[in-house]
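Labels below follow one simple rule: chain letters A, B, ... track the order of the sequence lines, proteins then strands, and each chain is numbered from 1.
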There are 2 protein chains.
Amino acid sequence: MDLLSRKYVIEVVCVVGALGPVRYGEIESAFGEVSTSTLSTRLDELTDAGLLMRERYAEIPPRVEYDLTDEGTELCELLKPLLRWVENRDDTEG
Amino acid sequence: MDLLSRKYVIEVVCVVGALGPVRYGEIESAFGEVSTSTLSTRLDELTDAGLLMRERYAEIPPRVEYDLTDEGTELCELLKPLLRWVENRDDTEG
DNA sequence: CGGTATCCAAAGTGATACTG
DNA sequence: CAGTATCACTTTGGATACCG
């Protein structure tokens with residue numbers, strides 16, 4: 001699956017994994033620099049791929065929460081060490 | 001590093017890791033469907049990032065071998081389970 | 001054999017505005 | 001709040017031809 005090669009995908013999976021059930025706005029804040037459309041698309045793709053679940057609450061104001069599915073959790077476990085390694089490397093070379 | 005998000009990068013790292021010192025043509029064959037320019041660029045980026053080493057032999061005909069650096073090997077170890085998971089998943093859903 | 005240079009098409013991404 | 005729709009820009013990837 002080259003979905004992994006989409007921008008922010010790895011980070012999104014890890015962010016959702018770390019923040020548990022998390023709202024759209026929180027994910028957006030966690031990045032700070034991603035357009036609504038891109039993040040929305042990514043969330044959609046991940047949900048579609050069975051990696052994320054979207055829970056929609058019929059409230060006012062509306063609330064939507066994202067969380068990892070079992071498969072998403074599996075992937076997240078694989079991704080975390082990768083992300084740590086990359087960040088560690090960035091520090092070292094910067 | 002979003003180099004990881006480039007097409008074929010994960011696969012290239014794993015292929016080089018699996019085939020040991022490997023020649024350009026062999027890598028190309030391992031994919032079968034990647035243009036010279038793209039593969040060449042990828043190899044270049046990875047070498048530049050310190051993940052690959054390029055050994056050039058002054059022979060006729062020319063021979064060039066690629067291999068993982070220590071860091072490349074580290075990354076490869078992180079990537080392998082990921083790749084296996086993805087392939088396994090593809091099988092299941094296909 | 002092992003690339004590089006060039007040009008082109010396609011896809012991805014972002015900004016913005018608007019809806020429920 | 002949580003998106004969707006639209007549109008233009010930027011980046012990527014592919015094909016081809018040529019060089020060492």
Exercise. Taking the side chain of B:R42 as heavy atoms from C-beta outward, which of D:dG3, D:dG13, C:dG3 is closest to it?
Worked result: D:dG13
Problem set entry | 5'-most by nearest nucleotide on DNA chain D - B:K7 or A:T41 | A:T41
Problem set entry | Integer-rounded Å distance: D:dC19 P and B:I60 CD1 | 18 Å
For this session: Measure from OH on B:Y57 to P on C:dG2 and round the result to the nearest Å.
Result: 12 Å
Exercise. Counting any heavy atom closer than 4.0 Å, what does A:R56 reach on the DNA or RNA strands: base, sugar-phosphate only, or nothing?
Worked result: nothing
Exercise. Picking from D:dA2, D:dA5, D:dT16, which would you name as closest to the side chain of B:S37?
Worked result: D:dT16
Seminar exercise, completed: B:L46 CG to C:dG3 P, in whole Å, measures 13 Å
Exercise. To the nearest Å, how far apart are A:E33 CD and C:dA15 C1'?
Worked result: 15 Å
Exercise. What residues, two or more places apart in sequence or in another chain, satisfy side-chain hydrogen bond (donor to acceptor under 3.5 Å, both in side chains) together with B:R63?
Worked result: B:E59, B:E65
Exercise. Can you check the B:E28 CD to C:dT4 P distance for me, whole Å?
Worked result: 12 Å
Seminar exercise, completed: Considering only heavy side-chain atoms of B:V34, the closest of C:dT4, D:dG14, C:dG14 is D:dG14
Problem set entry | Residue A:R23, side-chain atoms from C-beta onward, closest of C:dG2, C:dG14, D:dA2 | D:dA2
For this session: Using whole Å, report how far CD of A:E59 lies from P of D:dG3.
Result: 13 Å
For this session: Please determine if a side-chain N or O atom of B:R6 lies less than 4.0 Å away from the OP1 or OP2 oxygen of D:dT11.
Result: no
Problem set entry | Nucleotide nearest B:T36 when distance is taken to its side chain, options D:dC1, C:dT4, D:dA2 | C:dT4
Exercise. Closer to the 5' end of DNA chain C via nearest nucleotide, is it A:S35 or A:P62?
Worked result: A:S35
For this session: Send over the distance from B:R54 CZ to C:dG3 C1', rounded to a whole Å.
Result: 8 Å
Exercise. Angle class for the B:Y8/B:F31 ring planes (parallel below 30°, perpendicular above 60°, tilted otherwise)?
Worked result: perpendicular
For this session: Report yes if a side-chain nitrogen or oxygen of B:Y24 is closer than 4.0 Å to either non-bridging phosphate oxygen (OP1 or OP2) of C:dT4; otherwise report no.
Result: no
Exercise. Quick one: do A:V15 and A:L68 end up in the same hydrophobic cluster if we chain Ile, Leu, Val, Met, Phe, Trp and Tyr together by side-chain heavy atoms under 4.5 Å apart?
Worked result: yes
Would you mind writing out the side-chain donor-acceptor pairs for residues 71-78 of chain A within the sub-3.5 Å range, not counting sequence neighbours?
| unit_1 | atom_1 | unit_2 | atom_2 | d |
| --- | --- | --- | --- | --- |
| A:E71 | OE1 | B:R89 | NH1 | 2.0 |
| A:E71 | OE2 | B:R89 | NH1 | 3.0 |
| A:T73 | OG1 | A:T69 | O | 2.9 |
| A:E74 | OE1 | B:W85 | NE1 | 2.6 |
| A:E77 | OE2 | A:K80 | NZ | 3.3 |

For this session: Classify the nucleic acid contact of A:Y66 as base, sugar-phosphate or nothing, counting any heavy atom under 4.0 Å across all strands shown.
Result: sugar-phosphate
For this session: Measure from CG on B:D2 to P on D:dT10 and round the result to the nearest Å.
Result: 18 Å
Problem set entry | Salt bridge A:E45-A:R42, side-chain N to carboxylate O under 4.0 Å | yes
